K.L.:
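Let me begin by handing over the structure; questions about it come next.
Source: prediction; values computed, not measured.
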Amino acid sequence: MIPVSVLVTGRGTVSFRVKGAYGVGRPSEFSGHLRPVIAWNLTWRCNLNCAHCYADAGTRRAELTTAEALRFVEQVAEINSPLLILSGGEPLMREDLPDIIRRAKELGIRVALSTNGTLISPAAARVLAKLEVDYIGVSLDSAEERFHDSFRGLPGAFKAAINGTRNAIAAELSVGLRFTVTAKNIHQAGQYVDFAASLGALRVVFYHLSAAGRARALGSDWWYTPQQYATFMETLVAKAREYAGRLEIETALGPFDGVYLALILGGSSLREYLEFVRLSGGCGRKIVSVHPDGSVYPCQFVDFYRLGSVRESRLAEVLNPERLDPFINTDRYLRGPRCSACRFRHYCKGGDRARAYYLAGDMFGDDPLCPIPVLFGRLAAQE
């Protein structure tokens, strides 16, 4: 993730509570390559039918049993992972979710819940609060009901997600919103941050559209242009300043956001900003993903590079430095003409490997969404 608010203002909300204070010149040591944040897709089941779902969720497939799940939580503690993100599908559809959270908290693991929000009733919110869940991220892709319901595949999803968000906040849980950025909603970013603040959210995370799962079937009209991107980033910078210390803004699946911010904010401290971006991590760098059947991948979106399975080996054994190296040191493997020649490849690691794989046809090819060569031209090409 790229912590926009921290880069722009030096201030955060949720991230400071979870990680402690950090910033340019003092990057976070919250996680590491061999003690990463674990994003665990608990279940394939889901009550929505999202157009871009990376897991292609909604059908019953093999999942870890409760006993296997609880043993896996112990393996997460063994590697000293600082955070366990419980996702799906929709994690609230898994009946043993409270048992899993309870065991993680007993072992001293921070727990975040990644949810579509529609199932967070007042009673469910009270249970999550009693379990001391550290953070809840609710997916909401617009401040407008029509777009969100269409994108998420269910009429009424918007209202249900809003109600779930309010229920969680009323239970005094830390709540943020997550927005998938596409050409069709990128212009709503400023309005959306205001909307999130009005609900009482503490954080907004903008996820650049990846190409995994159902997103592969989306047409080219879903991908924004470099010019749209520049306007979007200018909006985030302005909103980060407006809400400094009250609501923080982050982005995901776009390490080039950090490069963009470094170039417009860094000045004489450019190298320090870029180094902060490099150390922010990313897919296979400070985060890995576990699928419902126990298969381990570099992140939720890279479903074509299997690291192993916690049903076959312990997590500590699966996290093999040699196997992870193409993601830890992606810049050494890049062969796309733009990314391999870019001055900033050491810091952004070539962007999103899922977009490179599914859209460019090569895991080490160019990320087609990266706007840096277009927006900064010769500067990006310099060595």
Side-chain angles (χ1 to χ4, degrees), residues 1-3 5-6 12-20 22 28 30-32 35-43 54-55 69 72-73 76-77 79-94 96-120 124-140 161 164-165 167-169 171-180 196 200-207 247-253 280-283 286-292 299-301 315:
M1 284 192 177
I2 300 299
S5 292
V6 174
T13 57
V14 172
S15 66
F16 276 24
R17 293 181 188 181
V18 174
K19 300 180 179 181
Y22 66 103
S28 172
F30 181 69
S31 57
R35 53 177 189 86
V37 169
I38 305 297
W40 182 9
N41 298 83
L42 285 174
T43 180
Y54 62 81
F72 172 62
V73 173
V76 174
I79 67 165
N80 196 29
S81 172
L83 179 66
L84 180 61
I85 303 172
L86 302 177
S87 186
E90 172 48 53
L92 285 165
M93 295 190 74
R94 182 145 176 161
D96 57 3
L97 177 64
D99 299 321
I100 292 169
I101 296 173
R102 188 175 297 110
R103 184 58 180 144
K105 298 298 288 187
E106 288 172 354
L107 293 170
I109 305 169
R110 296 179 183 89
V111 175
L113 190 68
S114 176
T115 171
N116 62 43
T118 62
L119 302 180
I120 306 178
R126 288 193 294 271
V127 169
L128 294 171
K130 186 175 181 180
L131 291 167
E132 300 182 336
V133 170
D134 295 275
Y135 174 71
I136 295 178
V138 176
S139 296
L140 195 73
T165 299
N167 291 336
I169 292 171
E172 300 185 349
L173 288 156
S174 293
V175 180
L177 300 184
R178 301 176 310 164
F179 178 109
T180 301
L202 296 174
R203 174 161 73 168
V204 171
V205 182
F206 290 93
Y207 280 76
L247 176 150
E248 68 180 348
I249 298 170
E250 295 187 345
T251 65
L253 296 182
S280 294
C283 186
K286 301 190 176 184
I287 185 170
V288 298
S289 176
V290 178
H291 282 201
C299 66
Q300 306 98 302
F301 305 90
L315 182 60

K.L.:
Which pair of non-hydrogen atoms, one from P36 and one from V288, has the smallest distance, and what is that distance?
P.N.:
CG-CG2, 3.9 Å
K.L.:
For E90 and T115, which I'm curious about, is there any donor-acceptor pair between the side chains at under 3.5 Å?
P.N.:
yes
K.L.:
Nearest 0.5 Å, please: how far is CG in L202 from CG in L173?
P.N.:
10.5 Å
K.L.:
Nearest 0.5 Å please: distance from the CZ atom of F301 over to the CG atom of L253.
P.N.:
4.5 Å
K.L.:
For A171 versus A129, what's the shortest heavy-atom pair and its separation?
P.N.:
O-CB, 3.6 Å
K.L.:
With a 3.5 Å distance limit and no angle check, can you tell me whether N41 reaches the backbone of T43 through a side-chain donor-acceptor pair?
P.N.:
no
K.L.:
If you measure from CD1 on I38 to CD1 on I109, what distance do you get to the nearest 0.5 Å?
P.N.:
9.0 Å
K.L.:
What are the two closest heavy atoms between S5 and I249, and how far apart are they?
P.N.:
OG-N, 2.7 Å
K.L.:
Using every non-hydrogen atom in the two residues, find where L119 and A124 come nearest and quote the distance to one decimal.
P.N.:
O-CB, 3.8 Å
K.L.:
Going through the checks in order, is the side-chain hydrogen bond (donor to acceptor under 3.5 Å, both in side chains) test met by R35 and S81?
P.N.:
CA-CA 5 Å; R35 53 177 189 86; S81 172; over 6 Å; no
K.L.:
Ring centroid separation for Y22 and F30, is it under 6.0 angstrom?
P.N.:
no
K.L.:
S87 and Q300: side-chain donor and acceptor closer than 3.5 Å?
P.N.:
no
K.L.:
For the residue pair I79 and V76, what are the closest heavy atoms and their distance?
P.N.:
CG1-O, 3.3 Å
K.L.:
Determine, for K105 against D134, whether the closest basic-nitrogen to carboxylate-oxygen distance falls under 4.0 angstrom.
P.N.:
yes
K.L.:
Does a sphere of radius 6.0 Å around CD in E106 hold more than 12 heavy atoms from other residues, nucleotides or ligands, not counting ones at 6.0 Å or beyond?
P.N.:
yes
K.L.:
Is the closest side-chain heavy-atom distance between F16 and V6 below 4.5 Å?
P.N.:
yes
K.L.:
L247 and T13: side chain to side chain contact (heavy atoms under 4.5 Å, CB included), yes or no, with the steps?
P.N.:
CA-CA 6 Å; L247 176 150; T13 57; 5.5 Å; no
K.L.:
Quick check: closest heavy atoms across I100 and A69, and the distance to 0.1 Å?
P.N.:
CD1-CB, 4.0 Å
K.L.:
Side chains of R17 and S174: do they bring a donor and an acceptor to under 3.5 Å?
P.N.:
yes
K.L.:
Quick one: CE on M93 to CG on L42, what's the gap to the nearest 0.5 Å?
P.N.:
12.5 Å
K.L.:
Given the rule in the side chain to side chain contact (heavy atoms under 4.5 Å, CB included) test, do I120 and L92 qualify, once you have shown the distances and angles that lead to the verdict?
P.N.:
CA-CA 8 Å; I120 306 178; L92 285 165; 3.7 Å; yes
